[in-house]
There are 2 protein chains.
Amino acid sequence: MDERRLYWQIVDGIEQSIEAGDYPAGTRLPPERELAEHYQVSRPTIREAIIALEVRQRVEVKTGSGVYVLPSPTPTIAVNAFELTQARALIEGEIAFLAAGRISDKELQQLAETVAAMQDQQYVEAADERFHQIIAAATGNGAMLQSFNNLWALRSSTAEIIDDYQSVCGSDNHQTIAEHSAILTALQQRDPEQARAAMHRHFHRLLNAMLDQSEAKALAELQRRSSEKRSQYSLETLLPEHLD
Amino acid sequence: MDERRLYWQIVDGIEQSIEAGDYPAGTRLPPERELAEHYQVSRPTIREAIIALEVRQRVEVKTGSGVYVLPSPTPTIAVNAFELTQARALIEGEIAFLAAGRISDKELQQLAETVAAMQDQQYVEAADERFHQIIAAATGNGAMLQSFNNLWALRSSTAEIIDDYQSVCGSDNHQTIAEHSAILTALQQRDPEQARAAMHRHFHRLLNAMLDQSEAKALAELQRRSSEKRSQYSLETLLPEHLD
DNA sequence: CTGCGTTTATTGGTTAACAAGTTGACTACA
DNA sequence: TGTAGTCAACTTGTTAACCAATAAACGCAG
């Protein structure tokens with residue numbers, strides 16, 4: 001039951017074909033009519049899909065000649081949750097440092113509200129984002145704010161990162177609240193060094209939690225495989241009658 | 001003589017109408033058939049334009065209901081050259097800190113080459129970019145590298161920033177080389193603190209140069225206006241004969 | 001072998017028609 | 001009078017068939 005419009009399916013299909021290397025960069029896609037036949041849709045639908053790909057800069061349409069695959073523009077640097085957390089620690093540390101000298105009373109008030117919301121278990125996710133966002137905006141530096149937004153967007157860029165973050169952020173809520181409070185206190189005192197240190201501690205704990213959990217996961221996986229092998233090869237399963 | 005495909009003109013037209021406030025966010029666009037008549041094109045062409053807008057996240061299509069205008073997503077945070085330089089100082093400082101502990105001999109070699117190139121006055125611009133890029137990559141942290149790329153892209157995002165950077169970077173080439181050398185030395189010694197400090201000094205000098213020049217520019221502008229006023233109102237111009 | 005005209009393949013765009021979903025008004029019933 | 005169900009009008013979704021414009025491939029003549 002795919003409710004999306006037809007052309008999105010075609011976009012996905014063609015994009016996957018490109019990804020799979022069926023159409024390397026610079027080569028020509030099959031003509032619209034062939035694609036239409038292949039995907040069992042009409043030519044206008046194919047045209048819509050091609051336009052979507054064109055807007056996304058995946059292909060280039062040359063009138064009368066054909067549709068050509070463009071080289072993928074940003075090779076999308078691979079990032080895992082650990083890298084992201086480390087980067088956030090360092091960059092948001094500087095953001096806190098900068099913000100401490102300029103933050104307004106109103107912004108401090110807003111920060112306190114997000115902490116209170118998290119204590120009430122309300123909109124925990126949103127409150128977390130808002131907390132960090134307010135501090136980034138408080139720097140008064142658009143480039144800093146943009147860097148922050150960029151990093152935050154990375155949080156939901158791959159399934160793996162989403163997974164790692166969710167399983168760690170969900171637990172230890174009171175820890176997060178305590179750390180946010182410490183950051184807030186440092187900002188209230190307009191103490192740049194303290195603010196940076198508190199932010200570093202926040203991410204340091206998060207990173208450690210991630211590493212712990214990653215280790216636990218790897219261990220569980222190991223055990224699962226072992227027991228799988230055991231049940232597959234053990235004589236207990238094959239010849240139970242002889243082993244009592 | 002518009003060679004672009006027809007639908008782009010429609011995209012521009014609709015986008016301008018949205019920008020102009022004809023269709024505020026959340027409101028519905030006129031039906032496809034009306035738009036087709038208005039722009040004197042066929043309905044498929046209108047559909048193509050709407051799909052382009054949909055991919056660009058400007059509108060949302062609800063089957064059977066209509067096309068709705070989305071709130072403009074990123075209001076493109078305004079950034080000036082000073083903010084950018086400050087952000088680069090802080091973030092690239094951390095990048096240098098991180099890179100110092102992991103940089104390879106090969107990367108150090110490549111850095112030395114960029115410094116040599118700048119000394120020879122060859123590809124100065126490219127060598128500068130490459131210098132900073134190599135260090136960012138040496139962190140081994142994709143999120144850091146991406147943040148760096150994002151900041152570097154900001155350098156050429158507005159005419160104002162391009163201007164400010166060009167007029168400062170062009171001069172004082174030997175200063176830049178000396179600072180790059182200092183950073184390189186710290187990295188060669190694998191000294192994170194020194195690397196960060198050297199990077200900070202690099203941008204500190206750049207920022208001061210920018211401030212100086214901004215001041216000089218403002219002063220020159222002031223003088224220009226004064227002399228303009230003088231020539232406009234001074235009696236010397238109007239009645240020269242009486243004032244010898 | 002080269003240059004030029006022709007042919008063919010491909011995209012550009014239009015028209016008309018029907019299918020399917022949404023919305024709101026209208027009617028019948030409680 | 002209020003509410004729920006029905007239905008008609010409106011809107012997008014998709015298709016088919018058609019001709020125009022362009023670009024590349026082809027073949028022919030010099």
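Quantities reported herein were computed from a predicted structural model and do not represent experimental measurements. Each chain gets a letter, A, B and so on, in the order the sequences are listed, and its residues count up from 1.
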In whole angstrom, give the distance that lies between atom CD of B/Glu37 and atom P of C/dA16.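 After rounding, the gap between these two atoms is 13 Å.
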What is the separation between atom CD on B/Glu60 and atom P on D/dG13, rounded to the nearest whole Å?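 It works out to 12 Å between those atoms.
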Taking only residues two or more places apart in sequence or in another chain, which ones pass side chain to side chain contact (heavy atoms under 4.5 Å, CB included) with A/Ser214?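 By the side chain to side chain contact (heavy atoms under 4.5 Å, CB included) rule, A/Ser214 matches A/Phe82.
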Is the shortest distance from a Lys or Arg side-chain nitrogen in A/Glu228 or A/Arg224 to a carboxylate oxygen in the other one below 4.0 Å?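 Yes.
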Answer yes or no: is there an ion pair linking A/Lys217 with A/Asp212, defined by an N-O contact shorter than 4.0 Å?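 Judged by the 4.0 Å cut-off on N to carboxylate O distance, A/Lys217 and A/Asp212 do not form a salt bridge.
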All pairs passing salt bridge (Lys or Arg N to Asp or Glu O under 4.0 Å) where residues 103-114 of chain B contributes a residue, at least two apart: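 The answer is B/Asp105-B/Arg190.
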Got a list of protein N/O to nucleotides 9-14 of chain C N/O distances below 3.5 Å?
residue	atom	partner	partner atom	Å
C/dT10	OP1	A/Arg28	NH2	3.2
C/dT11	OP2	A/Glu32	N	2.9
C/dT11	O4'	A/Gly64	N	3.4
C/dG12	OP1	B/Arg5	NE	3.0
C/dG12	OP1	B/Arg5	NH1	3.3
C/dG12	OP2	A/Arg47	NH1	3.1
C/dG12	OP2	B/Arg5	NH1	3.1
C/dG12	O6	A/Arg43	NH2	3.1
C/dG13	OP1	B/Leu6	N	2.7
C/dG13	O6	A/Arg43	NH2	2.7
C/dT14	OP2	B/Ser42	N	3.4
C/dT14	OP2	B/Ser42	OG	2.8
C/dT14	OP2	B/Thr45	OG1	2.4

Report the relative orientation of the aromatic rings in B/Phe131 and B/His180; use parallel for angles under 30°, tilted for 30 to 60°, perpendicular for over 60°.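 Parallel, since the angle between the ring planes stays under 30°.
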